[in-house]
2 protein chains.
Amino acid sequence: MAQIGDKWSLLILFALVDGPERFNALKSRVEGISQRMLTQTLRDLEREGYVIRTVYPEVPVRVEYALKEMGKDLVKPLYQLVSWADQHQEEINRARKEYDEKS
Amino acid sequence: MAQIGDKWSLLILFALVDGPERFNALKSRVEGISQRMLTQTLRDLEREGYVIRTVYPEVPVRVEYALKEMGKDLVKPLYQLVSWADQHQEEINRARKEYDEKS
DNA sequence: CAGCATCCCCTCCGATACTG
DNA sequence: CAGTATCGGAGGGGATGCTG
């Protein structure tokens with residue numbers, strides 16, 4: 001959780017499940033992320049072994065990011081969690097509103 | 001994730017699965033947490049509807065925190081994730097070491 | 001195109017002191 | 001016992017400008 005519970009890791013992982021993506025394509029898919037955070041989070045994910053970075057020495061250079069086996073594996077329990085959150089979103093909103101009104 | 005991906009929420013939820021706990025008992029079970037963060041995180045968890053706070057007006061006062069239905073529910077997919085992490089910890093450590101050596 | 005470097009704000013969180 | 005209030009350091013993360 002400490003590793004992928006930050007602001008962007010989850011979104012980047014999910015943006016990669018459909019297949020490899022280039023840097024700027026990722027930047028488009030992950031709405032609102034800055035160049036800085038995309039680079040930094042990708043480096044972290046690469047370091048932990050979830051993502052592989054491949055450089056194709058063309059001109060201009062092409063860089064692709066893809067999920068490694070472990071990354072694909074990790075996404076499964078994460079989806080469980082996200083789908084849980086989806087199903088309970090209303091309930092949470094209700095609880096929060098109720099709590100706020102009492103205070 | 002934004003809600004329970006912080007430093008303490010997960011640990012507090014897990015400390016409550018065995019049954020209700022009093023404030024200071026929680027403080028002992030969640031190693032390293034400060035009074036301030038325990039209070040604050042409990043308030044958040046209560047606000048989102050995961051935890052219920054009950055005050056028994058004795059002297060001295062007794063306060064118990066317990067998982068609500070939604071909290072117990074949430075813990076299930078979280079356990080999935082944690083057990084995944086347990087199983088892959090070595091693999092992650094290896095990937096990280098390898099990455100660090102290349103840099 | 002895919003980044004790195006820098007500046008800077010703002011939030012998280014620990015430490016400490018105080019209260020019903 | 002179970003908090004609240006306040007201060008201050010560390011770092012997460014955005015904006016901007018520059019590069020091979």
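Reminder, nothing fancy here: chain letters follow the sequence lines and each chain counts from 1. When reading the values below, keep in mind they use all heavy atoms of this one structure, side chains included, and skip hydrogens, waters and symmetry mates.
In this entry the distance linking CZ of Arg53(B) with P of dC1(D) reads 16 Å, nearest Å. Here the C1' atom of nucleotide dC7(D) and the CE atom of Met37(B) are 16 Å apart, to the nearest Å. Rounded to whole Å, atom P of dT4(D) lies 8 Å from atom CZ of Phe23(B). Atom CD of Glu58(A) is separated from atom C1' of dG3(C) by 17 Å (rounded to the nearest Å). The interatomic distance linking Leu42(B) (CG) with dT4(D) (C1') rounds to 15 Å, in whole Å. Look at CD1 on Ile33(B): it is 14 Å from C1' on dG3(D), rounded to the nearest Å. Between Arg62(A) atom CZ and dG20(D) atom C1' there is a gap of 18 Å when expressed in whole angstrom units. One can place CD of Gln40(A) at 19 Å from P of dA2(C), the figure rounded to the nearest angstrom.
Side-chain proximity of Arg22(B) to dA2(D), dG3(D), dG3(C): nearest is dA2(D). Comparing dC13(C), dC4(C), dG14(D) by their closest approach to the side chain of Trp8(A) singles out dG14(D).
Checked by atom type and distance alone, the side chain of Asn24(A) never pairs as donor or acceptor with a backbone atom of Lys27(A) at under 3.5 Å. Remark: the backbone N or O of Gln80(B) is paired with a side-chain donor or acceptor of Ser83(B) at under 3.5 angstrom.
Residues Tyr65(B) and Arg43(B) approach most closely at OH-NH1, 3.3 Å, considering heavy atoms.
For Tyr65(B), a side-chain nitrogen or oxygen approaches OP1 or OP2 of dG3(D) to under 4.0 Å. A sub-4.0 Å separation between OP1 or OP2 of dG3(D) and a side-chain N or O of Arg43(B) is present.
Salt bridge status for Arg62(A) with Glu64(A): present, with a side-chain N to carboxylate O gap under 4.0 Å. Taking a cutoff of 4.0 Å between a charged side-chain nitrogen and a carboxylate oxygen, Arg96(B) and Asp44(A) do not qualify as a salt bridge.
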Phe14(A)/Val30(A) under side chain to side chain contact (heavy atoms under 4.5 Å, CB included): CA gap, chis, key distance, verdict: CA-CA 9 Å; Phe14(A) 283 2; Val30(A) 181; over 6 Å; no
Any N/O pairs under 3.5 Å between the protein and nucleotides 15-20 of chain C? List them or say none.
none

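Nearest-nucleotide mapping onto DNA chain C: of Glu64(A) and Lys7(B), the residue sitting toward the 5' end is Glu64(A).
Around atom CD of Glu58(B), more than 12 heavy atoms belonging to other residues, nucleotides or ligands sit under 6.0 Å away.
No engagement by Lys27(A) is indicated, since no non-hydrogen atom pair under 4.0 Å with the nucleic acid exists.
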